[in-house]
Amino acid sequence: MGSDYIVSTPPHIRSGETIEKFMAWTFLALTPLVVAGLYAFGFFAFRTLILSILSAVAMEAAVLRYRKMPIVISDGSAIITGLILALTLPPKVPYWIPIVGGALAIFFGKQLFGGLGYNVFNPALVGRAMLVLSWPSIMSGSWFTTLRELDGITTATPLTAAKAIKAGTLIGDISVVYKPLLFLNRGGCMGEVSALLLIIGGLVLIARRVVDWRIPLFYLGTVFVMSILTGNNGVFNILAGALIFGAFFLASDPVTSPVTRRAKMIYGICLGLVTILIRFYTSYSEGVMFAILFMNSFAALIDRYTRPITFGTVKAK
Amino acid sequence: MKRIKRGLIFPERYDEAKKALGRKKIEEISLPEEIIIPMSQHIGAPASPIVSVGERVLVGQKVADSEAFISAPMHSSVSGEVKAIEPRLGGDGKKVLSIVITPDDKEETISFKGLSDEEAKDPDRVRAAVREAGVVGMGGAGFPTHVKLTPPKDKPIFDVIINGGECEPYLAADHRNFLERGDKILDGLKIIMATVGAKRGYIGIETNKIDAIYHMDKLASSEGNIKVMPLNAIYPQGAEKQLIETILGKEVPSGGLPSDVGALVQNAGTAAAISEAVRGGRPLIERTISVSGHGMASFTNIRAKIGTPISHIIEECGGFKGKIGKVVVGGPMTGVALFDLSVPVIKGTSGVIAFTVEDTSIPNPRPCIRCGRCVDICPVRIMPNYISQYIEVDQVDRADDFDVMDCIECGLCSYVCPATRPFIQLIRHAKAKIIAEQKREEK
């Protein structure tokens with residue numbers, strides 16, 4: 001038409017929120033944790049982090065190129081996937097683990113479904129699950145090496161220890177465990193290094209409305225209540241392991257969680273129940289990863305059954 | 001304070017602009033070089049010209065009419081000569097048969113004759129007068145008013161609401177109408193109530209126009225059955241069904257009309273036009289328009305003659321400031337972006353907004369990331385995320401299952417979407433397909 005003016009459908013003003021800003025805030029919210037992780041685990045953690053991010057970004061670019069789509073790395077989603085995957089790995093895994101993991105996460109977790117927004121499962125967790133299933137000894141054994149070399153401690157991660165000594169002796173000593181869990185926990189992955197920093201990061205995301213408060217709250221709440229009901233220590237079970245990290249940064253991932261408010265509450269409760277089931281009644285010590293992957297597959301279904309009632313449509317008429 | 005349950009309170013910067021505009025008195029502007037009167041300015045049958053090229057017309061003279069019930073006649077807003085009857089760009093950017101008039105500066109007027117107080121008590125005469133004056137809803141959609149004044153016999157109207165929501169940023173035409181033509185709005189409300197036999201009248205005004213609330217409250221204080229209702233300023237409070245929800249606490253059934261809950265809603269400017277039509281026989285030939293946006297040299301409220309080209313209005317209001325990215329007719333949330341400024345003001349034009357290039361949002365639609373903001377904010381509680389995804393893969397029947405037809409196209413889903421998805425575009429496409437399908441099945 002040769003017009004000088006832009007023509008598009010309404011609305012003509014927008015809130016200014018973008019996917020990029022969401023990702024940037026997620027990155028920012030995780031920064032204190034990354035710093036603490038690097039402090040706790042040193043060079044190995046740094047190496048794992050960088051390799052995981054680079055691998056994820058490279059795979060993203062390669063697949064987008066193959067699909068003849070614009071190579072958009074700037075949306076930040078691949079970087080976040082790589083970062084989150086690294087935070088769930090034992091810091092001292094062999095160098096090829098984060099490389100393979102990052103690539104698997106993007107390929108099987110995200111691009112195979114159609115890319116950002118279309119993936120059913122949390123990509124970072126898909127990557128981690130494939131690593132755990134393919135190289136179980138590396139993925140569980142690397143915890144100990146880290147710890148021995150750094151601190152001379154020979155115990156396992158707090159949760160593994162708790163499982164081993166279920167009889168009760170540890171529960172008594174657990175107060176000793178709280179402080180490191182909150183501030184600087186050198187057992188486990190970088191994502192478990194400090195519950196306090198995680199909570200702060202999570203609250204930032206909630207305040208920015210990148211994350212809806214319902215999923216973390218109902219998830220943590222359910223784990224707390226169920227722990228007590230099954231005769232376990234509620235506070236310990238919230239602080240230990242990947243639960244807080246999972247609740248704020250994995251389960252609440254918008255793409256793979258439900259959309260409606262009611263669905264988010266139900267989702268959080270189900271996550272808590274599944275986590276408790278795995279933690280207390282299977283041979284796995286940590287239930288967060290599989291609980292989230294399991295519930296991911298129900299996200300759309302829960303949405304369907306919690307659909308809001310459309311304006312002006314009266315029930316039972 | 002009353003408000004709808006879901007919606008958006010706009011950021012301060014928009015509210016400031018709106019309040020500043022609300023303090024500007026309505027100004028008169030000069031005559032343009034030509035007046036363009038499109039034959040279709042509202043929902044309903046288009047009118048047909050009843051004048052011919054070369055004929056001289058006077059201010060207020062009827063120039064087009066229609067036999068159809070859901071239609072309204074058009075009148076010349078100036079005195080002058082009919083220059084052409086040809087397709088021109090209409091208010092929504094589509095070509096439509098229009099009467100083009102070259103104004104002379106004589107402003108020669110036909111003699112208007114209103115109804116006597118006694119005659120104004122006869123509903124049929126009021127409806128006839130309103131129709132003859134070409135009054136249509138001035139809030140945007142432009143539904144012929146005499147049709148609204150003729151509710152079905154089995155659905156009595158109890159409550160009449162004057163819509164002073166005007167909830168979109170950058171608009172203050174109704175705000176000024178309340179302050180400067182408040183007596184006419186109140187009179188219009190009384191005429192509507194008497195005509196449809198309603199018992200109660202409400203004037204709903206958002207609290208960002210507090211002076212309008214006080215003014216109308218003072219005017220209406222002696223009327224026992226009319227109440228001014230202050231409303232929280234929240235978008236889209238001015239949408240008809242949402243306003244009824246707020247003021248009467250009733251939800252208009254899906255697919256239904258306000259008369260289903262015994263209510264009738266009229267825009268404030270329309271009420272004033274009804275008063276003018278009934279009392280003075282004055283046809284609807286001009287309206288109040290807000291000219292604003294940061295691409296305008298100044299914010300102005302004007303009285304514009306129907307048919308005035310937008311380009312003339314922009315010039316009269318001081319012209320553009322900066323590089324212009326987008327010019328919108330109507331509000332920023334629901335208005336139409338223009339590609340050509342020769343289109344005229346029509347009866348439903350509430351504002352002209354110029355956006356600078358910096359202000360212009362250029363959508364870069366991305367896949368949905370299921371953040372749920374659109375679902376949280378949707379005032380009719382549908383799920384724009386799923387609906388838009390179904391339409392993208394051409395599953396329009398699934399979108400229909402998700403109540404896409406109930407969408408009021410308020411635009412909030414797109415406003416909040418971090419993936420800037422083109423919801424309105426997709427939803428309009430789906431609605432058109434569903435309606436076409438229904439028509440085919442009826443045959």
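Residue numbers start from 1 in every chain, and the chains themselves are labelled A, B, ... in the order their sequence lines are given, proteins ahead of strands. In this text, all values refer to a predicted model and were calculated from it rather than measured experimentally.
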So which atom in [X] and which in [Y] form the shortest heavy-atom distance, rounded to 0.1 Å?
X: B/Gly372; Y: A/Val259; answer: CA-CG1, 3.6 Å
X: B/Arg370; Y: A/Ala299; answer: NH2-CB, 4.0 Å
X: A/Arg261; Y: B/Asp376; answer: NE-OD1, 2.9 Å
X: A/Gly312; Y: B/Glu251; answer: N-OE1, 2.7 Å
X: B/Cys371; Y: A/Pro254; answer: CA-CB, 3.8 Å
X: B/Leu338; Y: A/Tyr5; answer: O-CB, 3.6 Å

Portion of [X] that has a non-hydrogen atom of chain A nearer than 4.5 angstrom:
X: B/Thr334; answer: backbone
X: B/Cys413; answer: neither
X: B/Glu409; answer: neither
X: B/Pro169; answer: side chain
X: B/Ile408; answer: neither

Is there a side-chain contact between [X] and [Y], using heavy atoms and a 4.5 Å cut-off?
X: A/Ile6; Y: B/Phe339; answer: no
X: A/Thr260; Y: B/Met383; answer: yes
X: B/Phe355; Y: A/Ile13; answer: yes

Which one, [options], leads in non-hydrogen pairs under 4.5 Å with chain B?
options: A/Asp75, A/Asn119, A/Asp253, A/Thr18; answer: A/Thr18
options: A/Phe311, A/Tyr118, A/Phe22; answer: A/Phe311
options: A/Ser15, A/Pro308, A/Ser77, A/Ser8; answer: A/Ser15

Flag, side chain of [X] to backbone of [Y], donor-acceptor distance under 3.5 Å:
X: A/Thr313; Y: B/Ser254; answer: no
X: A/His12; Y: B/Gly335; answer: yes
X: A/Arg14; Y: B/Thr420; answer: no

Could you give the side-chain donor-acceptor pairs of residues 61-70 of chain A under 3.5 Å, partners two or more places apart or in another chain?
unit_1, atom_1, unit_2, atom_2, d
A/Arg67, NH1, A/Gln111, OE1, 2.7
A/Arg67, NH1, A/Gly114, O, 3.4

Among [options], which residue forms the greatest number of heavy-atom pairs with chain A at distances under 4.5 Å?
options: B/Tyr415, B/Phe10, B/Phe423; result: B/Tyr415
options: B/Gly411, B/Gly255, B/Gly325; result: B/Gly325
options: B/Glu168, B/Arg373, B/Gln389; result: B/Arg373

Revision key, fill the gap. dist B/Ile369:CD1 -> A/Ile19:CD1 (nearest 0.5 Å) comes out at 4.5 Å
Check your understanding: Under 4.0 Å between a Lys/Arg side-chain N and an Asp/Glu carboxylate O for B/Asp403 and A/Arg307?
Key -> yes
Revision key, fill the gap. Bottom line for A/Lys264: the part with an atom under 4.5 Å from chain B's heavy atoms is side chain
Point to revise | Interface moiety of A/Ala300 toward chain B, non-hydrogen atoms closer than 4.5 Å | key: both
Point to revise | Side-chain donor-acceptor contact under 3.5 Å, B/Tyr386 with A/Asp303 | key: yes
Point to revise | Part of residues 197-213 of chain A lying next to chain B, heavy-atom separation under 4.5 Å | key: A/Arg208, A/Arg209, A/Val210
